[in-house]
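Letters go in sequence order (proteins before strands), and every chain restarts at 1.
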Amino acid sequence: MADTPVETGAEAGGAGMPQLDFSTFPNQIFWLVVTLVVIYLILSRVALPRIGAVLAERQGTITNDIAAAEELKQRAIEAEAAYDKALADARSEAGKIVAQAKADIQSELDVQMAKADAEIAAQTAESEKAIADIQAGATDAVKAVAKDTAKEIIAAFGGKADAKAVTAAVTARMKG
Amino acid sequence: MADEAHSEGGGLEFHPLDQFEVHRMFGEGPIHWYTVTNVTMWMAIAVVCIVLLLVIGTRKRAVVPSRTQSVAETLYGFVYTMVEDVTGKDGIKYFPYIFTLFIFILFSNFLGLLPMAFTTTSHIAVTAILAFAVFFTVTILGFVKNGAAFLGLFWVSSAPLALRPILAVIEIISYFVRPVSHSIRLAGNLMAGHAVLKVFAGFAQVGLVVAPIAILGVVAIYALEVLVSAIQAYVFTILTCVYLKDALHPSH
């Protein structure tokens with residue numbers, strides 16, 4: 001840079017480069033030392049301890065948070081296991097209840113069925129009896145009608161109806 | 001501060017080094033060691049910006065940080081990790097000193113990129129003080145911590161015996177060159193970049209053909225300088241850590 005000739009006529013040293021003007025050195029050195037001391041005092045008293053504390057605090061917070069998260073995760077896993085267990089218990093309990101209910105219903109059903117069967121059987125027997133009576137009544141009625149009719153027919157032909165013979169004949173017919 | 005002698009020639013005017021001039025902020029007269037100059041002003045601005053970022057920006061001490069606090073924490077973490085990785089656990093107690101250096105250089109570099117700004121770290125007087133402060137601190141610390149064993153830094157015990165004296169000479173020379181390279185690297189990078197910016201800016205007044213190219217050049221160099229500002233602050237700091245490591249653990 002020194003090849004560009006610039007005169008600093010105002011300066012006492014008269015050197016080409018202001019950097020080599022020794023008359024300003026004491027001034028620069030004095031103010032540099034003042035500046036460095038001021039910066040050092042500010043940094044070492046205020047800024048650096050503060051920043052260091054903030055960084056340490058952050059590190060601590062992060063570590064704590066990670067530990068807390070780890071613990072919460074553990075608890076979540078435990079809670080899930082407990083939930084699964086409760087669910088399985090509830091399932092087996094429900095299965096038991098269902099089986100119990102089924103058995104109860106089945107036995108109740110069996111009793112009712114038996115009762116119903118008995119009733120039905122009773123009613124069937126009664127009905128059969130009634131039907132038998134009716135049938136018997138009907139046979140007798142038919143027999144009487146047939147006898148009467150036969151007597152009348154015989155009388156109409158001018159014969160004398162032999163009551164015994166007619167009855168025997170009608171009975172024989174009706175069996176056939 | 002602009003030099004009137006150049007304006008007589010007409011045509012192009014380049015004053016790429018005017019930006020580095022130290023001048024009084026108030027009144028006329030010679031610059032004494034206590035005079036308030038533009039150096040004072042720009043260093044004060046750096047201090048204010050550092051306070052804004054690292055003190056005001058972190059005043060809420062939020063566990064979930066705001067943007068400013070996040071930046072402050074990132075810088076803290078960046079330098080802390082660097083010190084821990086390079087110098088080891090026992091270097092942590094020097095962290096505030098190293099962070100002071102880093103934050104001062106970083107802010108001076110970036111503030112210097114503002115238009116019309118004065119770059120305090122482009123002056124060899126400033127960087128040399130920084131570098132020599134590191135050099136003397138580290139050297140004294142090395143002897144205090146290790147006694148005469150600190151000289152083992154120059155005696156490469158893993159090398160063949162015949163080579164060791166030669167290596168010792170080379171090691172000693174390289175050791176004493178450290179503060180020079182340490183300071184000139186920083187000041188040189190910044191000064192060169194800013195001077196080149198000014199040269200491109202000077203070409204921007206030439207005409208319709210050259211001006212757009214010059215302006216593009218300014219933009220490109222500016223982008224490069226943003227990078228250089230951060231990288232030089234980083235380089236200065238990590239070299240400080242490396243020197244500190246040598247003082248704490250001098251064995252190779």
More than 12 heavy atoms of other residues, nucleotides or ligands under 6.0 Å from OH of B:Tyr34: is that the case?
no
Exactly one of A:Ile39, A:Leu36, A:Val38, A:Thr35 should register a side chain to side chain contact (heavy atoms under 4.5 Å, CB included) with B:Met43. Which one does?
A:Thr35
Please examine the side chains of B:Val39 and A:Asn27, heavy atoms only from C-beta on, and report whether any two atoms are closer than 4.5 Å.
yes
Where does B:Phe20 contact chain A at under 4.5 Å (heavy atoms): side chain, backbone, both or neither?
both
Rounded to the nearest 0.5 angstrom, the CG-CG distance for A:Leu32 and B:Leu130 is 5.0 Å
For B:Thr35, is there any backbone N or O sitting under 3.5 Å from a side-chain donor or acceptor partner on A:Trp31?
yes
For B:Ala62, is it the side chain, the backbone, both or neither that has a heavy atom under 4.5 Å from a heavy atom of chain A?
backbone
Atom CD1 in A:Ile51, atom CD in B:Gln69: separation rounded to 0.5 Å?
8.0 Å
Cut-off 4.5 Å, heavy atoms of chain A, and the answer for B:His32 is backbone
Counting heavy-atom pairs under 4.5 Å with chain A, which one of B:Val51, B:Leu54, B:Thr40, B:Thr120 comes out on top?
B:Thr40
B:Tyr97, B:Phe99, B:Phe104 screened by side chain to side chain contact (heavy atoms under 4.5 Å, CB included) with A:Tyr40, the one that passes:
B:Tyr97
Structural part of A:Glu57 lying under 4.5 Å from a heavy atom of chain B
side chain
Quick one: what part of A:Leu48 sits under 4.5 Å from any heavy atom of chain B, side chain, backbone, both or neither?
both
Ranked by heavy-atom pairs below 4.5 Å to chain B, first place among A:Ile62, A:Val34, A:Val33, A:Leu43 goes to A:Leu43
Over all heavy atoms of both residues, which pair between B:Ala125 and A:Ile29 is shortest? Give the atoms and the distance, please.
O-CG1, 4.2 Å
Looking at side-chain heavy atoms only, is the closest gap between B:Val55 and A:Ile42 below 4.5 Å?
yes
Highest number of heavy-atom pairs under 4.5 Å with chain B among A:Gly52, A:Ala53, A:Ser44 belongs to A:Gly52
Quick one: what part of B:Pro30 sits under 4.5 Å from any heavy atom of chain A, side chain, backbone, both or neither?
neither
Measuring heavy-atom distances to chain A, does B:Ile124 have an atom under 4.5 Å in its side chain, in its backbone, in both, or in neither?
both
Residue part contacting chain A, namely of B:Ile103, when any heavy atom lies under 4.5 Å
side chain
Heavy atoms only, distances under 4.5 angstrom: which of B:Gly57, B:Pro65, B:Ser108, B:Ala72 has the most pairs with chain A? Name it, please.
B:Pro65
Does atom CD (A:Glu80) have a neighbourhood of more than 12 heavy atoms from anything else shown, all under 6.0 Å?
no
Sidechain-backbone polar pair: B:Arg61 side chain, A:Arg50 backbone, donor-acceptor under 3.5 Å:
no
May I ask you to test the A:Pro18-B:Leu17 pair for a side-chain heavy-atom distance under 4.5 Å?
yes
How close do A:Gln19 and B:Met191 get, counting heavy atoms only, and between which atoms?
NE2-CG, 3.2 Å
Tell me, for B:Ser122 versus chain A, whether the close heavy atoms (under 4.5 Å) come from the side chain, the backbone, both or neither.
both
